[in-house]
Q: 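Questions regarding the structure given below will be posed in turn.
Just so you know, ligand 1 is whichever comes first in the structure, and atom 1 is the first atom listed for that ligand. Here the structure is a predicted model, which means the values were calculated and not measured.
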Amino acid sequence: MSSWEINSKELIDNREEFLESIFTIGNGYMAVRGFDSFKPKKSYEQCTYIAGLFDYYEKPYTDMVNTPNYLISSLYIDNNLVNFDNITIKEKTQVLQMKKVMLDNKYILELENGYQLELKEEKFLSIFDKHTVCVRYSIKSLNFSGLLGFETGINCNVSNKIIHDDQTKDDIGEYKFLDIDEINRKNNCISIKLNTRKTGYSLVEAFTCISDGIMPTMKSCDQYEALKFECQLNDGETKTFTKYISIYTSRDVVENEKDNLIDVSIDALQNSISMGYEILLKEHIDKYNDIWNISNISISGDKNTEKKLRYNILQLIMNNACDNSNVNIGARGLTHGRYKGCYFWDTEIFMLPFYLYTNVEAAKNLLLYRYNTLNDARNNALEQNVLGARYPWMCTIDGNEQCDTWDIGFSEIHITADIAYAVQHYYEATGDLEFIENYGLEILIETARYWCSRFTYDKDNDCYNLLWVKGPNEYGGVTVNNTYTVKMACYNIKKAIEWIDFFNKNNKKIIDQLVNKISITKEELRVFNDVTKKVVILYDNDKQLYIEDEHFMQMEPINLKDVKVNDSALYNKICFDRLQRYQVVKQADILLLMLLLPQDFNEKQKLVAWEFYEPITTHDSSLSFATHAQIGARIGKTKEAIDYFNKSISLDYDNVMNNTHKEGIHIGASGASWQSIICGFAGIYVCNGQINVEPNIPKQWGEVNFKLYLKGSLLEFTISSKEINIELIEGKCIDINVLGNKRSLSINDPIKIFLN
Ligand code: BGC
């Protein structure tokens, strides 16, 4: 089987909800789960989502709105409805063509009277015009002649099933966010305008369907609008129907177009009709070819690994709007309503690097989203009686806290430092100084200010403590001086100081403007400096071990092998509360820190940390496997690293944690998988502005080939266990540290190094 295709037949789980998650397709603007369009389901099950379309179910909490199902279709033979729940489905195959980003569904159906039909549905959400969806249905009689009826439409009777982010609480229940405002039916084009109840967004979905020589009739009933075709279908004959759908929300258009949203979508629909399916498809494929040309990773010796990795890369491509700085990426992207579509630190720490190195504009937009919500972050800080800006643990349309699990939402504050880290990372990877001038510096200063007021000064010991904090290890209780958070906060403050210093010397105007806007005093800078020197870093000198937090060593030891028998999360078996008192780690914490700030730890300290934390880590967050793969590959724990990597790239494909069917795709894990191969096995990372290459490619992978943008230049890497090849494809000459030696890379002068 091709490593560019995922076929439902090869998957080990065949539950409908699982296949629906796996076969979600999207174009960043929107996505549709891989459900059966011909099978009626509950109103919250056939989900289609649009990036940024949220509504409140209870202020201030939002959910990602499930939008009308524009795929709903039915078949009739001799005027009788073909009921997918009663007939024999002799064959059902779903094929995700990853290169073209199309989903092909094929069914062989047998009716009660023995009539057999082949039904094909091929669809794509255009990447060229992100508001357009095209579906082509082909219906073939395999053994009869009769009257065929084909009906296809839009079902607006959809709702959400709101899932609590506190996994110990029951789901909130069913909720309907959209009401129909207006329906327009003209020349077989039907458009429906709906409004969200509380956020006041409008959404228009317009569609038509065309079949050579057959005219449809319109059908309308109870929030359902359709076109129905009737024709004679002879034995062996195929009839084809092409459906075009156009989708716009009031978020996508300028103010004066908001009232004409129906016209906007009908114009777009007319445009699709005049271009036709083939041309729309060609443009879609061409654009994806360009994207894959940069984003693909090929592994010559292991096509299975290559394919699973590709599936993860595809998720990163399909779930990010890329061109919109008013949306971000949910932890489950647009594939499921789990976590109510909320954005977490998953973006900055786990996903962002993929975009940073393959699509700089997309990375910039993700960070601009944080800049655009800086005022809300300021309000959050104010509400929590601290200064500066405090980013929410979870958020959606704005920077208001969406986490309703009180201890997590208020104590897992590292996200603020993670965002600041990402700002610096963006600069170091791209060299985009303007970004720092216009946005980054303000974020760094306001977040540094937050940290300085969030630390508590201890006069007796002349130190600053970080009290009431939870680190990435969500099983670590609410604790004191979580090392991850303290170190990341310090990094945040230090970068603010360094940039202020830089601009004071090189471009004073930038500082003057900021002083006007947010005032920065000498006294404040003194405190910034003081904090970075006097925080508490927990370190056992004898063992050379960094300790996770002040309570960690007091926790009750437990032998994980006795309780953790598979990869399903332990909280399904031992309650969250009890887990907070065991000496276990939910997901990489100290080890993640060592990847983010490699310059702050020596090799011995990394090894000691691995030996101590890895055996007590449950990996109950999908973000954990790949982090272990990445650090494992870097510190020579190659065998373990490969095992973790395999788990991470198979996480959804093989339903490793047994939750893909009920939660959707784990996009953060996809980003972490990408990092584990690029930054772990290929060993490429930027540190203090310097690009390093220190690979550890497993022999069995043969050659790993990929491209990356680094500081504005495009580089192609081909690395195996025997050789490193780096070529400059586009852009300026660039210095790289290869295995610790500084090398210059220029066009027509590739770097080639043989390894032992
Ligand atoms: C993890 C968090 C993560 C969230 C969303 C939780 O289970 O512990 O680190 O941000 O899931 O992916």
Side-chain angles (χ1 to χ4, degrees), residues 21 64 163-169 312 315-316 319-320 328-352 366 370 391-396 401-405 407-419 421-422 469-479 482 484-485 488 548 567-572 574-576 579-580 584-593 595-596 613 617-628 648 651-652 656-660 662-673 675:
S21 289
M64 182 166 69
I163 309 166
H164 228 296
D165 57 73
D166 181 342
Q167 279 143 320
T168 62
K169 290 189 186 152
N312 283 279
Q315 299 309 319
L316 292 160
N319 285 284
N320 185 9
N328 209 283
I329 313 169
R332 300 292 175 267
L334 299 169
T335 73
H336 198 277
R338 172 84 181 114
Y339 290 128
K340 299 174 290 187
C342 284
Y343 318 142
F344 292 72
W345 71 314
D346 301 34
T347 302
E348 281 74 14
I349 298 299
F350 300 95
M351 307 174 203
L352 184 83
L366 289 171
R370 296 299 189 181
Y391 280 101
W393 176 239
M394 294 165 69
C395 59
T396 55
E401 184 60 76
Q402 288 294 320
C403 180
D404 56 2
T405 315
D407 65 326
I408 293 184
F410 287 98
S411 69
E412 208 166 337
I413 50 178
H414 60 82
I415 184 158
T416 295
D418 300 330
I419 290 168
Y421 177 89
V469 57
K470 188 185 267 298
N473 168 19
E474 290 182 346
Y475 292 166
V478 180
T479 181
N482 166 260
Y484 175 95
T485 314
M488 291 294 282
E548 199 182 278
D567 290 314
S568 159
L570 206 50
Y571 55 72
N572 294 319
I574 302 176
C575 84
F576 249 88
L579 284 166
Q580 308 291 323
V584 288
V585 182
K586 182 183 177 195
Q587 65 203 88
D589 190 299
I590 290 279
L591 289 176
L592 174 61
L593 178 68
L595 281 173
L596 297 178
Y613 291 107
T617 301
T618 63
H619 310 289
D620 286 352
S621 158
S622 60
L623 303 169
S624 194
F625 294 127
T627 308
H628 282 78
S648 189
L651 198 100
D652 292 309
V656 168
M657 294 183 78
N658 194 24
N659 61 8
T660 298
K662 53 179 187 193
E663 295 201 359
I665 304 298
H666 300 76
I667 318 291
S670 296
S673 297
Q675 288 190 63

Q: Specify the closest pair of heavy atoms between Ser670 and Asn312, including all atoms of both residues, with the distance to one decimal.
A: OG-OD1, 2.9 Å
Q: Looking only at distance, does Tyr339 have an N or O less than 3.5 Å from an N or O of ligand 1?
A: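 Between Tyr339 and ligand 1 (N or O atoms, distance only) the closest approach is under 3.5 Å.
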Q: On a heavy-atom basis, which atom in Asn482 and which in Pro472 lie closest, and how many Å separate them?
A: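 Taking Asn482 first and Pro472 second, the nearest heavy atoms are OD1-CD, 4.1 Å.
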Q: Looking at Glu474, Lys586, Lys470, which one forms a side chain to side chain donor-acceptor pair (under 3.5 Å) with Gln580?
A: Lys470
Q: What part of His666 sits under 4.0 Å from ligand 1 if we count only heavy atoms: the side chain, the backbone, both or neither?
A: neither
Q: Using only heavy-atom distances, determine whether the side chains of Thr485 and His414 contain a donor-acceptor pair under 3.5 Å.
A: no
Q: What part of Phe350, side chain, backbone, both or neither, has a heavy atom within less than 4.0 angstrom of ligand 1?
A: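 Near ligand 1, Phe350 shows nothing, with every heavy atom at 4.0 Å or more.
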Q: Regarding atom 7 (O) of ligand 1: of the candidates Glu474, Met394, Lys586, which has the closest heavy atom?
A: Lys586
Q: If you measure every N or O of Gln587 against every N or O of ligand 1, does any of those distances drop under 3.5 Å?
A: yes
Q: List ligand 1 atoms under 4.0 Å from Trp345, heavy atoms only on the residue side.
A: 2 (C), 3 (C), 9 (O), 10 (O)
Q: Just which atoms of ligand 1 are under 4.0 Å from any heavy atom in Trp393?
A: 10 (O)
Q: Relative to the heavy atoms of Leu623, which atoms of ligand 1 are at a distance of less than 4.0 Å?
A: 3 (C), 9 (O)
Q: Cut-off 3.5 Å, side chains only: do Ser21 and Thr660 have a donor facing an acceptor?
A: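 No, no side-chain donor-acceptor contact under 3.5 Å.
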Q: What I want to know is whether Glu412 and ligand 1 share at least one N or O pair that is separated by under 3.5 angstrom.
A: no
Q: Can His666 and Asn659 be counted as having a side-chain donor-acceptor contact under 3.5 angstrom?
A: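 Their side chains do contain a donor-acceptor pair, which is all the 3.5 Å distance test asks for.
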Q: Check each heavy atom of Asp620 against ligand 1 and say whether those closer than 4.0 Å belong to the side chain, the backbone, both or neither.
A: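 For Asp620, there is no contact with ligand 1 at all, from either part.
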Q: Report, in ascending order of atom number, the atoms of ligand 1 lying under 4.0 Å from any heavy atom of Ala331.
A: 5 (C), 12 (O)
Q: Check whether any side-chain heavy atom of Thr396 sits under 4.5 Å from a side-chain heavy atom of Lys340, and report yes or no.
A: no
Q: Do Thr627 and Phe350 touch side chain to side chain, with heavy atoms closer than 4.5 Å?
A: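 Of all side-chain heavy-atom pairs linking Phe350 with Thr627, at least one is under 4.5 Å.
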